[in-house]
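All heavy atoms count here, side chains included; hydrogens, waters and symmetry mates do not.
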Amino acid sequence: MSYLGVGISPGNIAVYHGGKMKLIDRRLRLTELLLRCSVTALAFLALIIIVTDTQVKQIFTIEKRAKYTNMKSLVFLVVANGIAAVYSLLQLLRCVMGSMKGSVLFSKPLAWAIFSGDQAMAYMSVAAIAAASESGVIGIRGEEELQWMKVCNMFGKFCNRGAGGVASAMLASIAMVFVSCISAFSLFRLYGATTQRPPNLAMVK
């Protein structure tokens, strides 16, 4: 049950939403929908590019195959993008259903759950990107003090394709950070909302 222009937060407070707040809600829902769609698509794309990235090099009589499992940072990036893609897809379905119903998030426990999930995904994505980027730099430049060779001089195709996967994952990570900002706003605005019921509003079910 709710009042016209009033959201009832289960176990919490009645929150009044005027015309300006409803406009903000619509824009936030649309922005969140687009961002979550971008995260899902870009994360899946990064996963596919990196998993399918391989190159075989013949060194004398020895055949060397470069693949993502040879670098733990890329394995971490694949796992992180897989988790982020599935999570974003589930949240995307929630956003679509909410938009179809025209509902607005009022439940504080649910808002906290979404906020916590988005924060975890954002931190995980950023950490995976940082690890993969560092490994990429070492692959390109090598490390003379540790006598690590420039792997990308030998496996150029593998490195170039892998760089595309990392770039896609980085865009997904940036989008995830913006999503976490939106979920933070959606949560903390509930604590600053007006608790007074506006007068003369008809009750609707």
Asker: Please say yes or no: joined through hydrophobic side-chain contacts below 4.5 Å, possibly via intermediate residues, are F155 and V51 part of one cluster?
Answerer: yes
Asker: Identify the heavy atoms of L47 and G82 that sit nearest to each other, and give their distance.
Answerer: CD1-CA, 3.5 Å
Asker: Return the minimal non-hydrogen interatomic distance between K108 and L187, and the atom names on each side.
Answerer: O-CD1, 4.2 Å
Asker: Does a donor on one side chain sit under 3.5 Å from an acceptor on the other, for S135 and S73?
Answerer: yes
Asker: How far does CG of L92 sit from CG of L33, to the nearest 0.5 angstrom?
Answerer: 5.5 Å
Asker: If you count heavy atoms of other groups shown closer than 6.0 angstrom to CZ of F115, is the number above 12?
Answerer: yes
Asker: Could you state the interatomic distance from CE (M71) to CD1 (I50), rounded to the nearest 0.5 Å?
Answerer: 10.0 Å
Asker: Identify the two heavy atoms, one from V75 and one from T69, that lie closest to each other, and give their separation to 0.1 Å.
Answerer: CG2-CA, 3.8 Å
Asker: State, to 0.1 Å, how close A46 and N81 come at their nearest heavy-atom pair, and which atoms those are.
Answerer: CB-OD1, 3.9 Å
Asker: Kindly compute the distance separating CE (M154) from CD (Q55), expressed to the nearest 0.5 Å.
Answerer: 10.0 Å
Asker: Has the side chain of S38 got a donor or acceptor atom that lies under 3.5 Å from a matching backbone atom of L34?
Answerer: yes
Asker: Should E32 and R94 count as an ion pair when the cut-off is N to O under 4.0 Å?
Answerer: yes
Asker: Hydrophobic cluster membership, with links at side-chain heavy-atom distances under 4.5 Å among I/L/V/M/F/W/Y: are L74 and M124 in one?
Answerer: yes
Asker: Report whether V79 and V39 are members of the same hydrophobic cluster (ILVMFWY, side-chain heavy atoms less than 4.5 Å apart, transitive linking).
Answerer: yes
Asker: Show your reasoning for whether side chain to side chain contact (heavy atoms under 4.5 Å, CB included) applies to S133 and M170.
Answerer: CA-CA 10 Å; S133 298; M170 183 176 295; 4.2 Å; yes
Asker: Is the backbone of Q119 close enough, under 3.5 Å, to the side chain of S180 for a donor and an acceptor to pair up by distance?
Answerer: no
Asker: How far apart are the closest heavy atoms of I129 and S173, and which atoms are they?
Answerer: CG1-CB, 4.1 Å
Asker: Between the side chains of T52 and R161, is a donor N or O closer than 3.5 angstrom to an acceptor N or O?
Answerer: yes
Asker: Indicate if L45 and F76 have the same hydrophobic cluster label, given that clusters are the connected sets of ILVMFWY residues with side-chain heavy-atom separations under 4.5 angstrom.
Answerer: no
Asker: Tell me, with the steps shown, if K67 and D53 meet side chain to side chain contact (heavy atoms under 4.5 Å, CB included).
Answerer: CA-CA 6 Å; K67 51 186 179 180; D53 185 17; over 6 Å; no
Asker: Let me see the working for V179 and R36 under side chain to side chain contact (heavy atoms under 4.5 Å, CB included), right down to the final yes or no.
Answerer: CA-CA 7 Å; V179 167; R36 291 194 187 278; 3.4 Å; yes
Asker: Find the distance between OG (S88) and CD1 (I83) and round it off to the nearest 0.5 Å.
Answerer: 11.5 Å
Asker: Taking the six-membered ring where the residue is Trp, are the ring centres of Y68 and F158 under 6.0 Å apart?
Answerer: no
Asker: Going only through I, L, V, M, F, W and Y residues with side-chain contacts under 4.5 Å, is there a path from Y123 to M121?
Answerer: no
Asker: Do we see a donor-acceptor contact under 3.5 Å between the side chains of D118 and S183?
Answerer: yes
Asker: Just by distance, do the side chain of S168 and the backbone of L42 share a donor-acceptor pair under 3.5 Å?
Answerer: yes
